[in-house]
Amino acid sequence: MPTQFAPLKNDTFLRALLRQPTEYTPLWLMRQAGRYLPEYRATRARAGSFLGLAKNPDYATEVTLQPLDRYDLDAAILFSDILTVPDAMGLGLYFIEGEGPKFERPLRDEKAVMALSVPELGSLQYVFDAVTQIRTELKGRVPLIGFSGSPWTLACYMVEGGGSDDFRTVKAMLYNRPDLMHHILQTNAITVAAYLNAQIDAGAQAVMMFDTWGGALADGAYQQFSLHYMREVMKHVKTEKDGVRIPSIVFTKGGGLWLKEIAEVGADAVGLDWTVNLGAARAKVGDRVALQGNLDPTILFAQPEQIRAEVAKVLESFGKHEAGSGHVFNLGHGISQFTPPEAVTVLVDAVHELSRPLHK
């Protein structure tokens, strides 16, 4: 039987993504459920590990809702990790404290790459269960965002075997054996589209693709190895569920150079990092897509009056809202684990208060 969810009480975020009129600029924060919150750290301690948290729908629901109980945010985002996908492909995800994610079986040779295949979605059922549980527990307060890493960003971890400073292993494969890289990326694209669609079926009301490492690529390589596969994903991601529009967001960190091309990938909104001038971005892409961003996350270490001043600059840079325009306020990347929680209160209140005159 299909799950019956409560009616949505605050759809400002969804309307902004669809470039419909709103009374104020909605906001949510990348990594809003995270280590900067003492309640998150307490739940993680009970879970025993990051994967214990992410793979248990009860814990995932608990931490997803924590920032919404503390702040007046306009969207929730599923608590999970982009690396659940390569983990389901059999690469053996594990975490080392202080070092981040690692894979037991990275893709380092032709045999390993050619053995890679689209996983059974059932191996990710814990994610879909969490989506349904979170959506139920939200009781219509705000929309729920589902997400995935982009095919290229996932490939970076899958070939490097973890994080990297220079991506030399994955880039060496890209240049030496582009055929192998394309096999990985095509497999990832098929998987990511199916993964996002399953999240939509489970209850996600918007989806986002994080191309965290797209900016590590040279011009030309970016279009061939990242942008092309994001476009492939977007061709197959559902745009509606039960007659209701499901908006989509793509975000390439370091992608300001390719903004016009990203705006044509097929998503409803483009996320911007803090290096991009929001007003210039709006002028460049017109109102073909909504824009999301793009406060420098480290501003949250400043004094309250400085946070308010920088929020005002971002809002004024986007400018007055007219028919067909849309802006979702966010950070230019994930919130730092060292951020004082009270700084986020200042941020949220400032965005809601200072944006209202721009929507009249």
Side-chain angles (χ1 to χ4, degrees), residues 6 9-10 13 27-84 87 93-102 124-149 162-163 199 202-204 208 210 212 295 297-304 307 330-331 333-352:
K9 297 168 189 168
N10 175 0
F13 164 73
L27 86 156
W28 67 280
L29 307 175
M30 287 187 269
R31 223 179 285 144
Q32 65 189 24
R35 287 177 287 178
Y36 74 104
L37 292 176
E39 54 267 42
Y40 169 90
R41 296 196 297 269
T43 306
R44 178 168 166 164
R46 279 192 286 118
S49 67
F50 177 82
L51 283 178
L53 198 60
K55 291 193 172 187
N56 181 308
D58 291 337
Y59 285 138
T61 299
E62 187 176 319
V63 294
T64 297
L65 298 179
Q66 284 169 348
L68 298 167
D69 293 336
R70 191 186 268 262
Y71 309 115
D72 186 21
L73 296 159
D74 294 289
I77 183 164
L78 163 71
F79 181 82
S80 187
D81 193 277
I82 63 170
L83 300 182
T84 54
D87 185 42
L93 176 65
Y94 67 101
F95 284 80
I96 296 178
E97 199 64 42
E99 290 185 35
K102 304 274 186 188
L124 290 161
Q125 189 60 44
Y126 65 90
V127 176
F128 314 134
D129 289 344
V131 169
T132 301
Q133 190 171 332
I134 294 162
R135 175 82 188 272
T136 302
E137 291 292 324
L138 278 168
K139 298 183 173 69
R141 284 159 68 180
V142 293
L144 174 62
I145 307 166
F147 72 92
S148 174
Q199 290 182 46
M208 179 162 173
F210 287 90
T212 311
L295 189 74
T298 54
I299 286 165
L300 295 175
F301 295 101
Q303 294 300 310
I307 295 172
N330 208 314
L331 303 175
H333 197 45
I335 191 167
S336 164
Q337 62 173 303
F338 305 108
T339 301
E342 56 273 15
V344 178
T345 304
V346 175
L347 167 67
V348 173
D349 291 347
V351 171
H352 285 158

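The shown structure was predicted, so the numbers you read here are calculated from the model rather than taken from an experiment.
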*Could you give me the CA-CA distance, side-chain angles and deciding distance for Trp28 and Asn330, then say whether side-chain contact (heavy atoms from CB on, under 4.5 Å) is met?*
CA-CA 6 Å; Trp28 67 280; Asn330 208 314; 3.1 Å; yes
At what distance, to the nearest 0.5 angstrom, does [atom1] of [X] lie from [atom2] of [Y]?
X	Y	atom1	atom2	value
Ile77	Phe147	CD1	CZ	5.5 Å
Tyr71	His352	OH	NE2	13.5 Å
Ile335	Leu347	CD1	CG	8.0 Å
Thr132	Gln125	OG1	CD	8.0 Å
Gln133	Tyr126	CD	OH	15.0 Å
Asp72	Asp349	CG	CG	7.5 Å

So, for [X] and [Y], which heavy atoms are closest and what is the spacing to 0.1 Å?
X	Y	result
Gln32	Leu37	O-CD1, 3.7 Å
Val131	Leu144	O-CD2, 3.5 Å
Leu93	Pro101	CD1-CB, 3.9 Å
Pro304	Val346	O-CG1, 3.8 Å
Ala130	Ala60	CB-CB, 4.1 Å
Ser80	Val127	OG-CG2, 4.2 Å

Side chains of [X] and [Y]: does their closest heavy-atom pair fall under 4.5 Å?
X	Y	value
Thr84	Leu124	yes
Phe13	Ile145	yes
Leu300	Ser336	no
Phe301	Phe338	yes
Tyr40	Leu53	yes
Leu73	Pro67	yes
Arg41	Pro38	yes
Thr212	His333	yes

*asked:* Quick check on Arg35: does its CZ atom have over 12 non-hydrogen neighbours (other residues, nucleotides or ligands) under 6.0 Å away?
replied: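 It does not: Arg35 CZ has 12 such atoms or fewer within range.
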_Short side-chain to backbone donor-acceptor contact, Gln199 and Ala204, under 3.5 Å_ =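 Side chain of Gln199 to backbone of Ala204: no pair is present.
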_N/O donor-acceptor pair under 3.5 Å between Arg70 side chain and Val344 backbone_ =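 No, because the side chain of Arg70 does not come within donor-acceptor range (under 3.5 Å) of the backbone of Val344.
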*Report the C-alpha distance between Glu39 and Leu65 in whole Å, list the side-chain angles of each, state the deciding distance to 0.1 Å, and finish with yes or no for side-chain contact (heavy atoms from CB on, under 4.5 Å).*
CA-CA 11 Å; Glu39 54 267 42; Leu65 298 179; over 6 Å; no
*When you look at Leu68 and Glu137, which way does the side-chain contact (heavy atoms from CB on, under 4.5 Å) test go after all the steps?*
CA-CA 12 Å; Leu68 298 167; Glu137 291 292 324; over 6 Å; no
*Just checking, any donor-acceptor pair under 3.5 angstrom between side chains of Glu62 and Thr43?*
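There is such a pair between these side chains.
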*Assign the ring pair Phe50 / Phe95 to parallel, tilted or perpendicular, where the plane angle (0 to 90°) is split at 30° and 60°.*
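Tilted, since the angle between the ring planes falls between 30° and 60°.
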*Would you call Arg46-Asp58 a salt bridge at under 4.0 Å N-O?*
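Asp58 and Arg46: not salt-bridged.
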